Engineer: 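For reference, the structure I am asking about is given below.
Chain A is the first sequence line, chain B the second, and so forth, proteins listed ahead of strands; every chain is numbered from 1. Bear in mind the structure is a predicted one, so any value in this text is a computation, not a measurement.
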Amino acid sequence: MSQTTAATRSGSMESLKHSFLMKYEFILFVLIALIVLFLSITTDGNFWNQGNLSSVLVSVSIVSIAAVGATLVIITSGIDISAGSVLGLTATVVALGGQHGLPLWLIIVSALATGCIAGFINGYLIAVHKVPAIIVTLGTLSIWRSAVFMLLGGSWGTDIPMEFSEWFIMTKLAGVPLIFWLVIVLVLVSGYMMNNRKWGRYIYALGNNEEATVFAGLPTKRLLVFIYVIAGLLVAVSALVSLGQSPIVQSSSGQGFELSVIAAVVIGGASISGGRGSIMGAFLGAILVELVRNAVILLHIQPFWTGVVMGVMIIIAVLVSLSRDKGGAN
Amino acid sequence: MSQTTAATRSGSMESLKHSFLMKYEFILFVLIALIVLFLSITTDGNFWNQGNLSSVLVSVSIVSIAAVGATLVIITSGIDISAGSVLGLTATVVALGGQHGLPLWLIIVSALATGCIAGFINGYLIAVHKVPAIIVTLGTLSIWRSAVFMLLGGSWGTDIPMEFSEWFIMTKLAGVPLIFWLVIVLVLVSGYMMNNRKWGRYIYALGNNEEATVFAGLPTKRLLVFIYVIAGLLVAVSALVSLGQSPIVQSSSGQGFELSVIAAVVIGGASISGGRGSIMGAFLGAILVELVRNAVILLHIQPFWTGVVMGVMIIIAVLVSLSRDKGGAN
Amino acid sequence: MPHLLELVDISKSFGGTHALKSVSISLQAGKLHAIVGENGAGKSTLIKTIMGVHQPDAGQMFVEGEPVKIANPSVARKLGFSAVFQDPLTYPHLSVLENIFLTDPILNKMGNLDFAAMERKIKPYCEQLGFDVKLLHREIRTLRLGHRQLVTILKALVEDARLIIFDEPTAILSAGEIDHLFKIIDYLKKNNRAVVYISHRLEELMRIADEATILTDGRTVGHRTKEELSIDDLLTKMSGKDMRDYQPDVRLSKPDGSRQPVVEVKQLGKQGQFENIDMQIWPGEVLGVYGQVGAGRSEVALSMFGMRAADRGEVWIEGRKVKIKHPKDAISKGIGYLPEDRKSQGVFSFQSISNNLISVVFRKLRGPLFSLNRRKTNELMEKYQKILSIKYGAPSDPISSLSGGNQQKVVLGRWMAEDLKLLILDEPTQGVDVMTKRQIHDLIKSLAAEGLAVLVISSDLPELLSVSSRILVMNRGRIVAEYDETQDDLAQKLLSSAVGIGGK
Amino acid sequence: GVSVKKNEGGAASPAASGANGADKQYTIAFVPKLVGFPYFTSMDKGAQKAAKELGVKWIYQGPTTADVSEQAKYVSGLIDQKVDAVGVAANSPTALNQLIGKAKGQNIKFFTSDSDVTNPDRSLFVQQATDKDLGYAMADIIAEEVGGEGKVGILSAGSTATNLNAWIGFVKERLAEKAPKIQLLDTQFAGEDINKSTQIASQIIAANPDIKGFIGISAANTPGIAEAVKQAGKTGEIAITGIGIPNGVKPYIKAGVINKAILWDPEKLGYLTVWGVLQQLKGVELQAENDVPGIGKVKYDAATKSLLLGPPLVFDKENIDNYDF
Ligand SMILES: Nc1ncnc2c1ncn2[C@@H]1O[C@H](COP(=O)(O)OP(=O)(O)OP(=O)(O)O)[C@@H](O)[C@H]1O
Ligand SMILES: Nc1ncnc2c1ncn2[C@@H]1O[C@H](COP(=O)(O)OP(=O)(O)OP(=O)(O)O)[C@@H](O)[C@H]1O
Ligand SMILES: [Mg+2]
Ligand SMILES: [Mg+2]
């Protein structure tokens with residue numbers, strides 16, 4: 001267990017067992033357990049109600065899928081604030097496909113292609129033209145949102161294939177929506193690869209010192225483009241799941257999604273200045289974020305408190321991980 | 001030739017006249033002139049209509065004031081995405097002051113203090129605790145927005161002193177709202193100081209290599225905190241002007257403001273990775289952004305096109321300034 | 001047999017600067033080829049061209065007789081070339097082991113990374129270089145600069161390349177480490193590797209070079225075989241002046257022990273870094289500090305300068321006890337510090353050369369309307385360009401366009417312009433060419449002669465011998481010996497106490 | 001979106017067109033709460049139809065989010081362009097006061113449609129249905145479907161929207177009077193966001209396993225609730241009603257998740273708006289009851305200067321297929 005994490009952070013093997021990140025993820029885990037315990041007690045078991053649990057887990061899944069990609073992006077010291085618009089665009093493509101009666105497979109292919117293309121454009125400008133990621137994605141955020149408005153032409157997209165809801169949300173294994181299991185597999189596999197495959201380490205290296213990867217003859221540009229494409233693809237998958245959860249597309253669909261995703265990644269311990277971060281952490285971060293949202297509703301708290309809790313949580317997460325860092329350095 | 005770039009960018013004086021940034025600013029200027037010409041022709045003079053012109057210039061002023069602070073922040077390789085929430089919070093403070101019948105001076109002082117405090121909190125966490133700026137301001141963005149919701153308690157703030165509107169917007173000099181003249185003075189004076197005062201030079205140095213400023217014995221932390229306080233203060237001033245323009249406070253007031261501000265600064269040629277940027281550029285950037293918005297209204301274009309134009313403009317601005325950079329380096 | 005690599009008429013310019021002008025050079029397997037030249041002569045540019053970082057504007061390259069185009073660094077790697085660059089680039093948050101093996105990882109049967117195998121492979125090299133194996137698992141950012149330099153050497157060794165290039169690998173290494181390195185280089189040569197070696201420490205080259213090429217202003221001005229090598233000849237060839245005419249030496253008078261020391265350090269200590277540091281520095285003296293990499297010299301200096309807090313001990317300035325919490329306190333009390341890590345602690349890379357030079361004395365250059373006094377700035381610039389012979393196009397050029405040695409001179413000049421009581425110089429002449437180094441040594445001595453106290457930390461033994469009036473030796477965080485310049489066999493004594501034999 | 005509907009031959013710009021009486025082509029501009037929202041898109045469609053039939057130039061443009069000051073910018077821009085009448089579906093009852101004064105000063109008529117302002121200087125309010133009718137209709141449907149007792153949740157868009165709050169007020173009033181045994185839960189807010197509505201509704205259902213009914217106050221809330229009920233497997237167990245746009249609620253009505261949803265015909269509202277404003281521009285007095293082509297009899301209340309489209313429209317399985325917007 002402990003191996004994965006340390007390698008993630010420092011990539012070293014020996015300190016695996018005592019790694020700080022392990023401890024950090026452990027903190028997250030304990031925090032989650034505490035909130036769950038608290039909710040179990042205070043809500044008369046409503047938290048464990050099948051419907052509530054499914055709804056929370058599906059929301060976690062939607063954020064987590066995109067967060068896997070966002071973690072890679074953030075490790076390379078990039079950022080993707082266009083994710084919400086890309087989600088909206090993908091959903092729009094699905095709705096238009098449904099409206100024109102395209103076959104399901106073609107709809108899915110178009111949706112995933114949309115994500116990949118959006119990711120490619122980001123990656124291309126960032127890797128090849130060296131435009132800072134925040135600028136590129138600020139630009140595409142704006143452009144894709146406009147595209148959604150224009151494509152929907154003022155109406156709602158309602159012709160969403162029923163399959164998304166059936167597959168991901170209605171289908172359950174051990175009472176838990178299928179998608180959540182898939183997300184767990186995604187997190188474990190991609191986390192393992194980041195630590196134990198050459199490519200995973202290249203991604204960390206790239207985030208640590210891009211210039212050095214160029215000098216070392218690594219295919220830096222291609223790798224960066226690839227990461228943004230993957231990130232776009234995963235956002236498109238998130239879009240399909242979210243259409244399962246709510247099969248209508250509005251012009252505002254996905255707005256603010258990027259913030260949830262970035263919050264999850266950062267609460268999960270990734271450093272925005274690149275070079276570190278873990279997929280498992282991002283997953284736990286997503287759970288934490290959604291649990292807070294859920295608690296606000298279950299406990300009949302004023303919804304504005306979500307914002308305060310989230311804001312404080314993000315800052316504290318970073319403070320904690322920074323202070324551990326310092327500890328590590330000396 | 002290669003000499004000039006670095007120097008100007010870095011704010012050195014010697015070569016102002018032939019500097020590339022100067023040329024970059026010149027490009028912006030030409031672009032603005034072209035848009036104005038185009039609007040003059042296509043809108044039957046509606047563009048030059050007193051009301052329209054004032055409204056555009058006031059909007060430019062609101063963005064520019066905050067953009068002066070944001071330029072400093074971005075030069076230090078920071079970013080402030082909490083500006084929109086701070087604007088909302090300041091406006092809320094004004095509305096509550098008005099509601100409780102506080103005297104005007106006290107309202108103004110409270111508003112400016114709000115901005116300073118919000119800036120101080122950002123600066124403190126960033127400078128002293130070394131939390132990355134995007135994280136801190138992502139957190140405070142969320143927190144202040146929630147505070148606005150709570151303080152307004154579901155209603156709108158409507159008790160806004162009339163003076164803001166009278167002073168800044170109704171009062172005109174040579175047909176142009178007073179505030180715009182003030183902004184021009186602000187831009188010229190702060191631009192001059194950035195290039196010719198030691199503090200200005202320190203700020204550029206700080207953004208370039210923070211550790212080296214510590215070795216050079218500069219008061220790095222205090223300077224950073226100071227910059228964020230100034231940025232907060234200027235956002236508060238923007239809030240007062242925007243209340244002059246539209247004397248009502250909603251829970252969503254200011255949302256998205258940070259994006260306009262960052263767009264202006266970046267279109268103005270500042271580098272998001274720090275060490276360079278100019279206040280005059282940011283001002284021209286603000287004019288460009290607001291002209292595009294205005295054009296969309298005057299020409300009855302689909303408002304979604306604003307998004308596309310802005311997105312493309314941001315990316316192109318950075319591409320252009322990067323390519324000039326390269327020219328300089330070789 | 002054709003040469004391993006042959007460069008013919010390679011030219012490269014950056015804007016108006018002609019860094020290389022028809023340079024030709026050929027490298028043979030089993031031979032060490034030294035490249036010498038003044039700062040800015042084009043040595044690093046040549047290396048970067050071979051490694052595919054820069055593309056030549058003209059000229060051809062042949063590998064074993066076949067023409068090649070090295071379009072990017074990965075082509076160079078595939079050809080079996082590897083290099084230790086002058087400013088080594090590392091991945092700060094990855095472990096040392098990963099930094100070494102990133103590009104050529106060892107994989108297990110599953111295709112996963114096999115860290116245990118990597119460790120086994122690197123261990124023998126660590127032992128040869130005297131590099132503590134425990135450090136392999138630390139994040140590399142936690143290592144001191146000297147250790148990081150060793151890591152990049154390890155990396156070049158493990159890649160098992162047929163051409164290995166070292167661009168000033170020993171700039172901040174001390175005699176012990178250098179001996180280890182040379183043994184390894186001998187071993188490489190025996191195994192038929194070609195080695196390119198760049199250094200400003202000409203005495204090193206006498207020991208290991210098989211041939212040498214001399215560059216001046218981007219042009220090849222000479223080639224010498226092992227038999228023809230001599231320091232005087234190289235110097236003359238490099239600078240175009242006859243160095244035998246050079247008349248050095250301001251003699252420093254011995255400090256007057258009865259006077260009050262400028263700075264006195266009493267029992268300074270910091271957990272795990274250094275202990276019981278006592279030292280006194282008198283006005284008008286140059287106190288040298290010698291030691292191996294990691295001996296703790298920089299740490300002591302950093303805490304005197306207020307960058308790091310010491311746990312114990314006192315600092316007195318001119319008889320008064322002072323608290324220094326931040327470098328700005330130190331500067332206001334008259335202490336200056338030239339950091340050893342030029343890239344991350346010294347240079348403002350986007351800024352102009354003149355802005356870099358004046359970044360400390362800025363406040364004294366006030367002109368009308370609170371602006372910067374341009375005339376004074378220019379005077380200052382001209383003065384230090386002359387004193388330090390800085391080679392640049394215009395003062396407004398970005399400092400990043402300068403060669404490594406010239407950047408070092410600018411950062412050094414920054415402190416010379418300030419009025420100080422004590423100037424601490426940490427590896428002051430790293431990467432500086434021999435001629436300028438002598439000038440800098442003279443400058444240091446004349447500053448001292450005017451009453452400044454100077455503390456010089458250096459791993460360059462000849463430098464310390466020529467500049468200091470007194471030398472302290474540190475070993476594992478303690479001062480283990482003190483010598484003064486009049487002692488016999490000084491070099492030998494310094495060396496043995498630095499590694500822990502001998503003592504006061 | 002924006003649409004500029006020019007009638008054939010109506011080339012003259014509003015400013016240039018002389019005062020030659022009946023020939024004058026009037027320009028009427030309207031700024032909805034936000035564009036890109038199907039409800040307002042339908043209004044625009046109806047208004048375009050009216051513009052074509054009645055020979056008016058119609059401008060429809062507005063912000064992409066329901067923002068007060070953005071809306072004000074559009075209104076201000078249109079006044080500067082000297083249109084003959086400018087109107088809004090107001091995002092704020094008071095924020096536009098200054099602009100209403102400015103319009104009056106330039107002899108431009110200022111009207112509202114869908115959602116009113118408090119300023120007495122506005123020339124006309126075109127009302128879809130009375131707040132009371134809408135609130136009562138929703139209350140009556142839910143009371144009947146839950147059998148007069150049990151927990152009922154309310155999901156609304158925003159806490160500051162005046163018309164939504166008015167409807168909630170009437171729902172409460174009616175239920176207190178007609179079905180006092182119904183226990184209303186705290187109102188929750190999900191914005192004009194269907195996905196968020198689904199998430200919050202799911203969780204409300206979880207927090208109140210015995211919930212019997214749900215009311216969606218805004219058009220985005222109702223389909224969101226329906227999806228949540230469907231996913232919770234409680235179709236038929238939890239009754240749903242609320243304001244619904246036909247295409248949004250159609251699948252749920254067909255699947256039996258929702259029995260009845262309420263709206264009015266926004267196309268007709270758009271049509272009526274153009275017609276009413278045109279009467280005022282021409283100086284024709286509105287009567288207590290007016291005959292509007294294509295709509296029928298329409299009431300006018302001179303005291304409040306408001307035209308009323310009529311009683312709310314109830315969609316169910318039978319009639320839902322007749323609407324496509
Ligand atoms: N990227 C660059 N842009 C502009 N000029 C450059 C660049 N790199 C090198 N130069 C210039 O090319 C010349 C040769 O530089 P180079 O770094 O090769 O010198 P060097 O011989 O390695 O010197 P040193 O001994 O100081 O390291 C210098 O004048 C330097 O200023
Ligand atoms: N064998 C070792 N293992 C781990 N850490 C070491 C070792 N040797 C030294 N260090 C570390 O090196 C640091 C002292 O290095 P410092 O830079 O002060 O010495 P230095 O003599 O200036 O060497 P350098 O020339 O590398 O700067 C301390 O932080 C110490 O913990
Ligand atoms: Mg060099
Ligand atoms: Mg040192």
Side-chain angles (χ1 to χ4, degrees), chain A residues 74 77 79 81-82 85 121-122 125 129-154 251 256 259 262-263 266-267 270-274 302-319 321-323 325-326, chain B residues 74 77 79 81-82 85 121-122 125 129-154 251 255 258-259 262-263 266-267 270-273 302-319 321-323 325-326:
Chain A
I74 287 179
S77 80
I79 194 152
I81 58 172
S82 72
S85 295
I121 294 175
N122 285 341
L125 289 167
H129 290 288
K130 307 249 166 279
V131 186
I134 191 166
I135 299 299
V136 170
T137 57
L138 184 68
T140 51
L141 161 109
S142 180
I143 295 171
W144 299 139
R145 179 58 59 196
S146 300
V148 168
F149 268 98
M150 287 185 231
L151 290 174
L152 286 178
S251 51
L259 293 184
I262 294 172
V266 167
I267 291 175
S271 153
I272 217 84
S273 42
Q302 293 270 24
F304 328 125
W305 284 103
T306 324
V308 176
V309 175
M310 294 262 287
V312 171
M313 217 155 67
I314 292 176
I315 294 176
I316 290 185
V318 177
L319 277 175
S321 83
L322 283 175
S323 76
D325 233 36
K326 232 184 231 161
Chain B
I74 287 179
S77 81
I79 194 152
I81 59 172
S82 71
S85 294
I121 294 175
N122 285 343
L125 289 167
H129 290 289
K130 309 245 167 280
V131 186
I134 192 167
I135 299 298
V136 170
T137 55
L138 184 68
T140 52
L141 161 110
S142 179
I143 294 172
W144 301 138
R145 180 57 59 196
S146 300
V148 168
F149 268 99
M150 287 186 238
L151 290 173
L152 288 178
S251 52
Q255 241 164 30
E258 63 279 3
L259 294 186
I262 295 173
V266 167
I267 291 176
S271 153
I272 216 86
S273 44
Q302 297 264 20
F304 326 126
W305 284 104
T306 325
V308 176
V309 174
M310 295 262 285
V312 171
M313 217 154 66
I314 291 175
I315 295 176
I316 290 185
V318 176
L319 278 176
S321 83
L322 284 176
S323 76
D325 241 31
K326 228 186 236 161

Engineer: Does some side-chain heavy atom of Val318(A) sit less than 4.5 Å from a side-chain heavy atom of Leu125(B)?
Structural biologist: no
Engineer: Is the shortest side-chain heavy-atom distance between Leu141(B) and Leu259(A) below 4.5 Å?
Structural biologist: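 Yes, their side chains come closer than 4.5 Å.
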Engineer: Against chain B, label Val308(A) side chain, backbone, both or neither, depending on which of its atoms sit under 4.5 Å from a heavy atom there.
Structural biologist: both
Engineer: CD1 of Ile135(B) to CD1 of Ile262(A): how many Å apart, nearest 0.5 Å?
Structural biologist: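 If I round to the nearest 0.5 Å, the distance is 8.0 Å.
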Engineer: What part of Val131(A) is in contact with chain B, defined as an atom under 4.5 angstrom from a non-hydrogen atom: side chain, backbone, both or neither?
Structural biologist: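 Contact with chain B is through both the backbone and side chain of Val131(A).
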Engineer: Applying side chain to side chain contact (heavy atoms under 4.5 Å, CB included), name anything that partners Ile134(A), two or more places apart in sequence or on another chain.
Structural biologist: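 Listed in chain order: Ile79(A), Ile81(A), Ile79(B), Ile134(B), Ile272(B).
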Engineer: Under the side-chain contact (heavy atoms from CB on, under 4.5 Å) rule, what do His129(A) and Ile315(B) come out as? Steps first, then yes or no, please.
Structural biologist: CA-CA 10 Å; His129(A) 290 288; Ile315(B) 295 176; over 6 Å; no
Engineer: Which residue pairs pass the side chain to side chain donor-acceptor pair (under 3.5 Å) test when at least one of the two sits in residues 140-152 of chain A, sequence neighbours left out?
Structural biologist: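 Qualifying pairs, neighbours excluded: Asn122(A)-Thr140(A).
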Engineer: Below 4.5 Å from any heavy atom of chain A, which atoms of Val309(B) appear? Answer side chain, backbone, both or neither.
Structural biologist: neither
